[in-house]
Amino acid sequence: MKLTLKIWRQPDSAAKGAMHTYQLNDVSPDMSFLEMLDVLNEDLNAKGEEPIAFDSDCREGICGMCGLMINGQAHGPEVTTTCQLHMRSFKDGDVITIEPWRADAFPVLKDLCVDRGAFDRIIQQGGFISANTGSAPEANNLPVNKADADRAFNVATCIGCGACVAACPNGSASLFMAAKITHLGLLPQGQPERETRVVNMVAQHDHEGFGGCTNIGECAAACPKEIPLDVISQLNKDLRTAIKRGH
Amino acid sequence: MGTLDPSGTVALNKASVQKSDDAAGFYALGDKLVDDKAPTGPIKDRWTNRKFENRLVNPANRRKLSVIIVGTGLAGASAGATLGEAGYHVKTFFYQDSPRRAHSIAAQGGINAAKNYMEDGDSTFRLFYDTVKGGDYRSRESNVYRLAEVSANIIDQCVAQGVPFARDYGGLLDNRSFGGVQVSRTFYARGQTGQQLLIGAYQALERQVAAGTVEAYSRHEMLELIVADGRARGIVARDMVTGEIETHLADVVVLASGGYGNVFFLSTNAMGCNVTATWRAHRKGAYMANPCYTQIHPTCIPVSGDHQSKLTLMSESLRNDGRIWVPKDRADRDKDPRQIPEEDRDYYLERIYPAFGNLVPRDIASRAAKYQCDDGKGVGPGGLGVYLDFADAIARLGRDAVEAKYGNLFDMYQRITGENPYEVPMRIYPAVHYVMGGLWVDYDLQSNVPGLFVTGEANFSDHGANRLGASALMQGLADGYFVLPNTIREYLADGPFDKLDEAHPAVAEARANVEDRLGRLLAIGGERSADSYHKELGHIMWEYCGMERTKEGLTLAIEKIRALKQDFWSNLRVLGTADSLNQSLEKAGRVADFMELGELMCIDALNRRESCGGHFRAESQTEDGEALRHDDEFAYVAAWEFGGGADGEPMGTPVLHKEDLIYTAIEMKQRSYK
Amino acid sequence: MATTTLVKGARGSRSTVALKLLMAGSGLIFIGFVLMHMYGNLKMFAGHDAFNTYAEHLRTFGEPMLPRTGLLWVLRIVLIVSLLLHAYSAFILWGRANGARSQRYAVKKNLASSLSSRMMRWGGVTLLLFIIWHLLNFTIGKINVAGGATNDPYNLVVDSFGTWWLTIIYLVAMVALGMHLHHGTWSAMQTLGFTGTEAARRRAKTAGWLVALVVAGGFSLVPLAVLFSLITK
């Protein structure tokens, strides 16, 4: 396949970036999207042009490190991560526009790499259950209804890639945050900190400069792990309860 | 087992005496290595006693004691959280943008624990027994027993953190049998157990970051260990965003930096997994133990072309229902497999191993696939694949049942290959998955460099020559949550150590070394990318130091790696600068270390003239071609001391220190699967 | 706007979610209001006297306990406060959303969002302008574009919608209102936390369609009926 790639290049956070156009002539449909970029980088290196910086790590769709805006869609045209997208999803002669996640809370570090430290800080504000090592009771002392446990697992599969933020017209991280709040809120272990958790996480979310949610659903559609929009409802409910109880 | 002496003082085997010397000329023999921290007494009391014997650190003193942890996978994140909770001042370093990205996250299957919830005869001793046996009697019994002992606590801890393990309808935890063992002791969270466990540890770590006990350094890569006055006292790290070289000093350094499977270029490891942290420590004096011990997983998706950057594992459970075959006639290789009639197919595992069939252990299944492909019967691109066929299972169980069991794996396969496994047989091929080798540590997880502790896959300690399924997660969390916090205090009880400053010659030297090395990599100005060298190295390693090894092959590999390394340092091209985000530069540094490691792995493999665990030495097989272990010669840990040599120069002769493996609680037996 | 600091002393009431709760709450009041308003409008079909009696009754409701137009003023105050809160929250959140992505995408596709949801902000502004005109038209200014009497509500309506361009303004506004309600109803349910399951989410989405169609359709009947001379003086 022959492809025309329009790729965002930006030397560092402070610099202004711009789209650059590259041609790639020998792309196999069996390549993953990132392998296609590897090939482009080999080409660039051979030509003496600095390769394009982009993040990836596990390349099996679970670490959440990769994430590109491909033709205006977070992670591209399939419901999966960028690393699991393959070139057979494109046609010979396609023009592909590749941009980094765009959100002021995710500053571009270089080219297609962004800083998602804001997610870690949101987790620091209560995205956990306080259980010091060694303090745990016998695991089977606390049965958990299977339906709740299954749902907790489903929403806990969030990989923290940031596609929800990238896809949201408001640049909101509500889906990310709500997935964690729902996961921990469904389990009995998560109850003692439930109210402070939601208040503190939402406060950090706002502080980081993410936008508010307008319930339009772009996030859930972009989520490679198909986290449903229902979790945001849960977040809202938890926050409402927390306000009522004086938090 | 009842015949064993419970006092734990009677050795059941003699120290081995090596007769062969295949690696003569490539190494020097050093003194025997003795683990002076090895516990004694009845095996079931050893850990309890050690926890009591190790000194405590006064809570008020803890905040004056600083700990550096490199890596935030299961072993690193759990240690960081636990030490932070205890009140130590912890700094964690990781090359990813968040601790949650570490490659522990990709583990699918589950985590073993001797809870015996199924009342199927499991016990701490049985988990210990299975692990030592699975490791082909090349691990230390005390370490493994401890691992089995703390395994149950891990589950309690994870459940308390909110890890959503699978449960049954009564709301209690569910278990499954995994990796061919006969008890159900594997806890799991669908096919994403590693992810859920890592996120649990990550959240515990982030809680400590918020509490101020842990400082997290994201996108930082350790490039040098600082050893001052005989103790590991810090690291030199590069901020991968700004390129700044930073020195970080502490009372103790913990490496939890994972395994080095990427020395093979293609593996199931993440792109960024590397050996740099452990290799730099090795160059500073830490012994590298059993570096040639790698695990090769039989059910990975085959390579589709030269562009391939990594391999993807599919759960071994596929072999429960899939049948593995190749065409009998080489001419049928490129035929549509559905057109090949039954009588022209060779279900070679069922034919050779009628008792176990498609469920033979990982190493046997892997090697058998390699033989078929070497014989020209491999299918798919490059002839590197064998069929894993579900047609029978679909006919027998129905498509829906197969989908319910393996749907997510089939989807993953289809996404990657573009082929529908419900219609066309899957193609699989083995891939490097895990390394049992790593830095040598004593029972307290301390390397031979005082103050340098090593945990998780980065150390060598618990899996011997082969790792059981669902045991990697167990070891990572055991080390981080329960073992290290109890052993590191014995070392820290003597601290805080003398304050170091940047001007200390050891610090200045380490820093200068890093700067010099980065400068050299950028200045070579040759033609080839680091990636192209990495690929070439990977080919050599896979060909000669992979599933089957020979003396000739390994000797040739050493020669090739040395030539490649020389070319690397004269013809590498790294563009960009050192003071910015530069992924080519990061890669170049890692590849340079992989080359040196690769050479040592080949030397270690050359010396170990036995087939053992995941490794098959062609010179050591039974009459019917099965692996033949030599306990009389090789029941030892091969701990290698760095032989010297500056970066970019040929390495000096490594020195081999042997640590004898003596068992008191388990008797060595030869495996047989026929 | 990225930061590396952690918020201390967070209050739930000072969050973006609290603003959303304000929007949802005030929005629900509007939904109640437009449903009642639409019901009243349909009185036009009952004829001149019925409609005018209804309009007068709105003013005398509650007498003598309440003064004349007492209840009407209570309602008006509730509506004005709701409008202020609704618009205030909307503009704050709008501003935040703009600030959250100062560098736009070169290419951006929408996958799941409905047209209604994407039109909420400009649609809201349109409705605000419309409400101002509407109040001038029928409540405050009582402007009769046909030049007829303004003291007879029924006739004022018929005169107004007998004017084609005014009917078009009203019909466009009803499309805007329908779209606003289509997303707004579901969104309020989601914000209030009533849609925590897939089934509840589907129900709320259906409710959005239903409210939108009933209100926008119901309101549009009168202008259309006047336009097509089904309602005459």
Side-chain angles (χ1 to χ4, degrees), chain A residues 11-12 28-31 34-35 38-39 42 45 48 50-51 53 55-60 62-65 80 84 86 88 109-110 113 115-117 119-120 123-125 127-133 135-140 142-146 149 152-153 156-157 160 183-184 187 189-190, chain B residues 81-82 85 96-98 100-101 103 105-106 117 153 155-157 159-162 164 166-173 189-190 192 195-196 199 203-204 206-207 209-210 216 218 241 270-272 304-305 307-310 312 415-416 418 481-482 485 529 531-532 573 575-576 580-581 583-584:
Chain A
D12 56 59
S28 150
D30 287 331
M31 284 178 184
L34 297 179
E35 285 165 352
D38 290 342
V39 170
E42 259 315 288
N45 197 63
E50 202 181 330
D55 276 326
S56 80
D57 205 19
C58 77
R59 294 206 180 181
E60 45 189 280
I62 194 77
C63 76
M65 189 82 177
T80 186
Q84 292 290 289
H86 282 70
R88 65 182 76 91
L109 298 173
K110 181 171 183 170
C113 299
D115 176 6
R116 286 167 291 197
F119 273 10
D120 288 337
I123 296 296
Q124 284 162 25
Q125 288 279 32
F128 49 73
I129 289 170
S130 298
N132 280 3
T133 305
S135 64
E138 154 60 37
N140 259 351
L142 196 61
V144 181
N145 170 314
K146 181 168 166 58
F153 170 81
T157 56
H183 158 211
L184 300 178
L187 300 171
Q189 301 91 310
Chain B
T82 307
E85 287 159 9
Q96 302 92 338
D97 70 339
S98 165
R100 66 181 296 150
R101 317 254 183 246
H103 201 54
I105 206 158
Y117 281 162
N153 304 61
I155 303 303
D156 298 343
Q157 183 61 31
V159 166
Q161 289 169 344
R167 288 174 184 270
D168 59 26
Y169 286 97
L172 301 178
L173 293 160
R190 214 162 300 165
Q192 286 158 248
Q195 181 198 25
Q196 295 308 315
I199 287 177
Q203 289 170 185
E206 293 297 338
R207 174 173 161 243
V209 172
S218 65
V241 176
M271 300 303 287
S304 68
H307 51 78
Q308 191 96 15
S309 61
K310 81 150 272 159
T312 305
R415 205 179 305 125
I416 293 172
Y481 282 135
F482 299 107
S529 69
D531 223 35
S532 75
R573 171 183 289 181
L575 299 171
S580 65
L581 197 160
Q583 293 173 329
S584 310

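Convention: sequence-line order gives letters A, B, ...; per-chain numbering from 1.
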Do [X] side-chain atoms and [Y] backbone N/O form a donor-acceptor pair below 3.5 Å?
{"X": "Glu85(B)", "Y": "Thr133(A)", "answer": "yes"}
{"X": "Arg167(B)", "Y": "Pro143(A)", "answer": "no"}
{"X": "Lys310(B)", "Y": "Cys58(A)", "answer": "yes"}
{"X": "Gln157(B)", "Y": "Ala131(A)", "answer": "yes"}
{"X": "Gln203(B)", "Y": "Ile123(A)", "answer": "no"}
{"X": "Asn140(A)", "Y": "Leu173(B)", "answer": "yes"}
{"X": "Gln189(A)", "Y": "Val159(B)", "answer": "yes"}
{"X": "Arg88(A)", "Y": "Ile416(B)", "answer": "yes"}

Check: [Y] and [X] side chains under 4.5 Å, non-hydrogen atoms:
{"X": "Asp57(A)", "Y": "His103(B)", "value": "no"}
{"X": "Cys63(A)", "Y": "Gln96(B)", "value": "no"}
{"X": "Asn45(A)", "Y": "Leu575(B)", "value": "yes"}

Do [X] and [Y] have a side chain donor and acceptor closer than 3.5 Å?
{"X": "Ser98(B)", "Y": "Arg116(A)", "result": "no"}
{"X": "Ser309(B)", "Y": "Glu35(A)", "result": "yes"}
{"X": "Asn132(A)", "Y": "Arg207(B)", "result": "yes"}

Against chain A, work out which of [options] has the most heavy-atom pairs shorter than 4.5 Å and name it.
{"options": "Gln308(B), Gln161(B), Arg100(B)", "value": "Arg100(B)"}
{"options": "Asp156(B), Asp531(B), Asp168(B)", "value": "Asp156(B)"}
{"options": "Ala216(B), Ala204(B), Ser304(B), Ser218(B)", "value": "Ser304(B)"}
{"options": "Ala81(B), Ala166(B), Gly418(B)", "value": "Gly418(B)"}
{"options": "Thr82(B), Leu172(B), Val209(B)", "value": "Leu172(B)"}
{"options": "Gly170(B), Ser580(B), Gly576(B)", "value": "Gly576(B)"}

At a heavy-atom distance under 4.5 Å, which candidate from [options] has the highest pair count against chain B?
{"options": "Asn145(A), Leu187(A), Asp30(A)", "answer": "Asp30(A)"}
{"options": "Ala136(A), Ala139(A), Ser135(A)", "answer": "Ala139(A)"}
{"options": "Pro29(A), Ala53(A), Ala149(A), Ala152(A)", "answer": "Ala53(A)"}
{"options": "Glu50(A), Arg59(A), His183(A)", "answer": "Arg59(A)"}
{"options": "Met65(A), Gln125(A), Glu42(A)", "answer": "Met65(A)"}

- Query: Could you give the distance from CD (Glu206(B)) to CZ (Phe128(A)), rounded to the nearest 0.5 Å?
  - Reply: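 Atom-to-atom, Glu206(B):CD and Phe128(A):CZ are 9.5 Å apart.
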
Tell me, side chain or backbone of [X] under 4.5 Å from chain B's heavy atoms, or both, or neither?
{"X": "Leu34(A)", "value": "neither"}
{"X": "Thr80(A)", "value": "side chain"}
{"X": "Gln84(A)", "value": "both"}

| said: Between Ile199(B) and chain A, with a heavy-atom cut-off of 4.5 Å, which part of the residue counts as in contact: side chain, backbone, both or neither? | reply: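 The side chain, not the backbone.
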
Portion of Asn153(B) that has a non-hydrogen atom of chain A nearer than 4.5 angstrom: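 Neither part.
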
Criterion side chain to side chain contact (heavy atoms under 4.5 Å, CB included) on Asp38(A) and His307(B), from CA distance to verdict: CA-CA 8 Å; Asp38(A) 290 342; His307(B) 51 78; over 6 Å; no

